[in-house]
Structure formats: structure tokens, C-alpha cells
Chemist: 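Attaching a single structure in C-alpha cells format; questions to follow.
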Amino acid sequence: MNIQLEKMKQNQEFERRKKIAEEKHKEWVQKKREEERRERKRKLSKEMAEKATRELEKMQLQEKADIKYKEWLKKKKAEEAEKKKKEKEKEKEWEAELQEKRTRSEKIFKEWLQNAKNKPQPPLNGYGFPHGKSTGLY
């Protein structure tokens with residue numbers, strides 16, 4: 001009877017220990033899963049933060065590029081406007097020079113015309129030659 005009682009106590013102790021071991025195992029597995037879930041959540045949030053940072057950097061870089069492009073375009077347009085302005089000024093100067101040359105030429109032509117009227121005409125039969133040509137040898 002003592003042996004049977006002893007065996008029963010041992011079985012109960014074994015069952016109790018087995019139950020405790022199973023509970024500890026379940027707790028460990030639950031903790032492990034919770035830890036893995038937190039780790040995944042942390043990794044996911046870290047990846048999202050890195051992705052957001054990369055996107056922000058990319059947007060800032062794009063904004064800088066747009067600003068530089070707009071500045072370059074503005075500068076180019078200013079240069080083009082300056083170039084056109086200079087070309088127009090050159091064209092005006094050339095036109096003014098041409099007009100001055102024309103007026104000067106007309107003035108000189110009119111003066112020549114006035115002087116040509118006042119100049120004496122050369123004689124038709126100059127130097128005693130008929131028709132103004134020599135007829136014969138020297």
C-alpha cells in the first residue's frame with residue numbers, strides 16, 4: 001500500500017512537473033512569438049522610416065534640380081534678350097550709318113551737279129584737230 005501510495009505520489013509529481021513544463025513551454029513560445037512580432041514591427045517601421053527619408057531626400061534633390069533649372073532658364077532667357085537687344089542696336093547703327101552715307105552721297109552728288117553746270121564745256125574741236133582727234137602721225 002505504501003508502494004502504491006508512493007507510486008501515486010510520484011505519478012502526481014510527474015504530472016505536476018509535466019504540466020508546469022508545458023505551461024512554461026507555452027509561455028516561452030508565446031514570449032518568443034511576441035518578441036518576433038515586435039521585431040518584425042520594429043523592422044517594418046525602420047524600413048518605412050528609411051523609405052520616407054529616401055523619398056524626402058529624392059524630393060529635395062528634385063526641388064533643387066528644378067530650382068537650378070529654372071535659374072539656368074531665366075539666365076538663358078536674359079542672355080537671349082540681351083543678345084537680341086545688341087543685335088537691334090547694331091541694326092539701328094547700321095541703318096543710321098547707311099542713311100548718313102546716303103545723305104552724304106546725295107549732298108555730294110548735288111554739289112557735283114551744281115559744279116558741273118558751272119564748269120565750262122571743253123571745245124568740240126580742241127587743239128585744231130577735226131572732231132577732236134588727231135589725223136595722222138605725230
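In this chain, numbering begins with 1 at the start of the sequence shown.
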Chemist: What pairs with E89 under salt bridge (Lys or Arg N to Asp or Glu O under 4.0 Å), at least two apart in sequence or on another chain?
Modeler: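 Partners of E89 by the salt bridge (Lys or Arg N to Asp or Glu O under 4.0 Å) criterion come out as none, since no residue qualifies.
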Chemist: Quick check for you: to the nearest 0.5 Å, what is the distance between Q99 atom CD and K92 atom NZ?
Modeler: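 Interatomic distance, Q99 CD to K92 NZ, rounded to 0.5 Å: 15.0 Å.
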Chemist: Within this structure, what is the CG-CD distance for the pair D66 and E63, rounded to the nearest 0.5 Å?
Modeler: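 One gets 7.5 Å once the value is rounded to the nearest 0.5 Å.
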Chemist: Please list, one pair per line, the donor and acceptor atoms closer than 3.5 Å that link side chains of residues 19-33 to other protein atoms, with sequence neighbours excluded.
Modeler:
none

Chemist: Would you give the length of the straight line joining atom NZ of K18 to atom CZ of R16, rounded to the nearest 0.5 angstrom?
Modeler: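 So the NZ of K18 and the CZ of R16 are separated by 14.5 Å.
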Chemist: Report the distance from atom CD of Q60 to atom CG of L56, rounding to the nearest 0.5 Å.
Modeler: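 Separation between the atoms: 4.5 Å.
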Chemist: Which side chain to side chain donor-acceptor pair (under 3.5 Å) pairs, counting each pair once, include a residue from residues 75-88, with sequence neighbours left out?
Modeler: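 Output for this query is empty, none listed.
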Chemist: Mind checking the OG1-CD1 spacing from T103 to I108? Nearest 0.5 Å is all I need.
Modeler: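 Atom-to-atom, T103:OG1 and I108:CD1 are 9.5 Å apart.
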Chemist: Considering only residues two or more places apart or on different chains, which pairs with a residue in residues 102-112 satisfy salt bridge (Lys or Arg N to Asp or Glu O under 4.0 Å)?
Modeler: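 Checked against salt bridge (Lys or Arg N to Asp or Glu O under 4.0 Å) - neighbours excluded - the pairs reaching residues 102-112 are E100-R104.
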Chemist: I need the full list of side chain to side chain donor-acceptor pair (under 3.5 Å) pairs touching residues 34-49, with sequence neighbours left out, sorted by first then second residue.
Modeler: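 Every side chain to side chain donor-acceptor pair (under 3.5 Å) pair that includes a residue of residues 34-49, provided the two are not neighbours, is E34-R37, E39-R42.
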Chemist: Is the shortest side-chain heavy-atom distance between F14 and R17 below 4.5 Å?
Modeler: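 Of all side-chain heavy-atom pairs linking R17 with F14, none is under 4.5 Å.
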Chemist: Using a 4.5 Å cut-off between side-chain heavy atoms of Ile, Leu, Val, Met, Phe, Trp and Tyr, which other residues end up in the same hydrophobic cluster as I3?
Modeler: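 Taking Ile, Leu, Val, Met, Phe, Trp and Tyr as members, I3 stands alone, with no cluster partners.
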Chemist: Please round to the nearest 0.5 Å and tell me the distance separating atom CD of E55 and atom CD of Q62.
Modeler: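 Taking CD in E55 and CD in Q62, the distance rounds to 11.5 Å.
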